[in-house]
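Before any comments, here is the structure.
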Amino acid sequence: MLDVGCGTGTFALLLADQGFDVVGLDPAAASLAVARAKPGSDRVRWLDGDTRVLALSDRDVATMTANVAQAIAHPQDWSATLDAIHRSLVPGGTLLFETRHPAARPGRSGPGVRPNAPSSSRSSVR
């Protein structure tokens with residue numbers, strides 16, 4: 001698995017705990033320093049940089065959780081990111097990513113979010 005924008009490694013370490021072969025990638029050296037200091041961090045290969053540093057072609061799954069996808073602001077950067085992830089995946093591999101409506105904040109109302117609604121009953125924004 002490839003965790004793009006792994007940050008401080010929380011998700012990458014959860015995946016490693018489940019026995020997955022995980023590569024965590026992040027451009028923030030400070031975040032990776034936190035990730036590398038966590039228990040079990042030796043089970044993840046940490047890469048410092050963005051997708052331009054990827055030299056992988058053996059990942060079954062790539063993930064982009066939280067707001068990672070939204071941090072890629074320019075269309076050409078988004079295209080380059082997707083191309084690099086595609087090259088890192090085996091044929092038939094999968095990219096899983098999540099994105100959030102920028103105006104939707106926990107505890108606030110806004111487009112796509114009903115105040116005080118349990119997370120399972122929030123309406124989606126399309």
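L89 is not listed as a side-chain neighbour of T94, based on a closest heavy-atom distance of 4.5 Å or more. Residues V22 and R45 fail the side-chain proximity criterion, which asks for heavy atoms closer than 4.5 Å. Residues T63 and V4 form no side-chain contact, since every pair of their non-hydrogen atoms from C-beta on lies 4.5 Å or further apart. A 4.5 Å side-chain heavy-atom check between R87 and L56 finds every atom pair outside the cut-off. Looking only at side-chain heavy atoms (C-beta outward), F97 and T65 stay at 4.5 Å or farther from each other. Contact annotation: the side chain of T51 approaches that of L25 to within less than 4.5 Å [non-hydrogen atoms, C-beta and beyond].
Although no hydrogens or angles enter the test, the distance criterion places no donor-acceptor pair under 3.5 Å between the side chain of K38 and the main chain of L13.
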Would S41 and W46 count as a side chain to side chain contact (heavy atoms under 4.5 Å, CB included) if you check the C-alpha gap in whole Å, the side-chain angles of each, and the deciding distance to 0.1 Å? CA-CA 9 Å; S41 65; W46 306 103; 3.8 Å; yes
Take D17 and R43 through the test salt bridge (charged side-chain N to carboxylate O under 4.0 Å, His left out) and record every step on the way to the result. CA-CA 8 Å; D17 285 346; R43 291 176 286 126; 2.8 Å; yes
I85 vs M64, side chain to side chain contact (heavy atoms under 4.5 Å, CB included): CA-CA, chis, key distance, verdict: CA-CA 10 Å; I85 291 170; M64 297 173 74; 3.8 Å; yes
Would D48 and V53 satisfy side chain to side chain contact (heavy atoms under 4.5 Å, CB included), going step by step from the backbone distance to the final call? CA-CA 8 Å; D48 188 354; V53 304; over 6 Å; no
Worked verdict on H86 versus L95 for side chain to side chain contact (heavy atoms under 4.5 Å, CB included): CA-CA 8 Å; H86 184 258; L95 167 60; over 6 Å; no
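Of all heavy-atom pairs spanning V68 and G5, the tightest one is CG2-O, 3.5 Å. Scanning all heavy atoms of the two residues, the minimum distance from D26 to G7 falls at OD2-N, 2.7 Å. Nearest heavy-atom pair across A69 and E98 is CB-O, 4.1 Å. For the residue pair V44 and A12, the shortest heavy atom distance occurs at CG2-O, 3.9 Å. Minimum interatomic distance between R59 and M1 (heavy atoms only, all atoms of both residues): NH1-O, 3.2 Å. A pairwise comparison of heavy atoms in P27 and D50 identifies CB-N, 4.4 Å as the closest pair.
No continuous path of ILVMFWY side-chain contacts below 4.5 Å connects L96 to V90, so the two sit in separate hydrophobic clusters. Both L54 and L82 belong to a common hydrophobic cluster when Ile, Leu, Val, Met, Phe, Trp and Tyr are linked at side-chain heavy-atom distances under 4.5 angstrom.
To the nearest 0.5 angstrom, I72 atom CD1 is 11.0 Å from S79 atom OG. The CG atom of L47 lies 8.5 Å from the SG atom of C6; values are rounded to the nearest 0.5 Å.
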